Amino acid sequence: AQKITQTQPGMFVQEKEAVTLDCTYDTSDPSYGLFWYKQPSSGEMIFLIYQGSYDQQNATEGRYSLNFQKARKSANLVISASQLGDSAMYFCAMREQQGETSGSRLTFGEGTQLTVNP
Amino acid sequence: GAVVSQHPSWVICKSGTSVKIECRSLDFQATTMFWYRQFPKQSLMLMATSNEGSKATYEQGVEKDKFLINHASLTLSTLTVTSAHPEDSSFYICSAGTPRMQYFGPGTRLTVT
């Protein structure tokens, strides 16, 4: 069974500073995918970044980067130059190995509530 | 980019009635869609996998007779909460996509009075 662990229920960061949100995972599958989503108070799930288990480089998307340490089974999200609008719940999720033609059910961590202070 | 819509965005119903929630993929075909439930300040929990043209696959502990799922076309899946009770009040979210990208609908907030 897969498991995603986010050990930081809440994080605070000053505007314009960088922040790292932790995520560790547990799986015996050699092929898997890791996602980070942002959920503001409106409830919508906003995709931020994806890392495949076979991807050679750490994923980056604008101010978001994923610090992927495969041996440690960690996939931490780094947000650079935090903005007030970054205040939200952040979820780490893992895709089960179901092949490239199947659907992709996700298992989510418990989430980290990020608050950006002015 | 791909968009997944849900309707309604919020609904209030009386205990004992049924509520139908629609999930549509607007610009792509989805043979598989997923239904999640989220209680306040908690994570998303997968309820079921909706497969076009076949029966849905339910997660352990989810009552299939209470949460009816129909995936009648490649762009539409529906979740019907039958005989709703106050404990069914929650945020329901659907998703669809590819192995490298999962798009989520905006969610439906259900309140059962």
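Lettering follows sequence order; numbering is per chain, from 1. Here the structure is a predicted model, which is why all the values come from computation and not from measurement.
Looking at A/Gln6, neither its backbone nor its side chain comes within 4.5 Å of chain B, counting heavy atoms on both sides. For A/Phe91, the part sitting under 4.5 Å from any heavy atom of chain B is the side chain, from C-beta outward, and nothing else.
For the pair B/Glu22 and B/Lys20, the salt-bridge criterion is not met [side-chain N within less than 4.0 Å of a carboxylate O].
When all heavy atoms of A/Ala75 and A/Trp36 are compared, the pair lying nearest together is O-NE1, 2.9 Å.
Counting only heavy atoms from C-beta outward, the side chains of B/Tyr103 and B/Phe28 approach each other to under 4.5 Å. Between B/Gln38 and A/Gln39, some side-chain heavy-atom pair lies under the 4.5 Å cut-off. Within the 4.5 Å cutoff, the side chain of A/Leu114 has heavy atoms near those of the A/Val13 side chain. At least one side-chain heavy atom of B/Gln6 sits less than 4.5 Å from a side-chain heavy atom of B/Ile93.
The aromatic ring centres of B/Phe91 and B/Tyr36 sit 6.0 Å or more apart. The ring of B/Phe104 has its center closer than 6.0 angstrom to the ring center of A/Tyr37.
For residues 8-21 of chain A, every residue pair satisfying the side chain to side chain donor-acceptor pair (under 3.5 Å) rule, not counting sequence neighbours, is listed here: A/Gln8-A/Asp22.
Top candidate by heavy-atom pairs under 4.5 Å with chain B, chosen from A/Gly109, A/Gly52, A/Ala93, is A/Gly109.
Residues of residues 39-66 of chain B placed with any heavy atom under 4.5 Å of a heavy atom in chain A are listed by number as B/Gln42, B/Ser43, B/Leu44, B/Leu46, B/Glu59. Along residues 7-15 of chain B, no residue comes nearer than 4.5 angstrom to chain A, judged on non-hydrogen atoms.
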Can I get a per-line list of side-chain donor-acceptor pairs under 3.5 Å for residues 65-73 of chain A, giving both atom names and the distance, sequence neighbours left out?
from    : atom 1 : to      : atom 2 : distance (Å)
A/Lys70 : NZ     : A/Ser53 : O      : 2.8
A/Lys73 : NZ     : A/Thr27 : O      : 3.0

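Counting only N and O atoms by type, the side chains of B/Arg109 and B/Tyr92 include no donor and acceptor under 3.5 Å apart.
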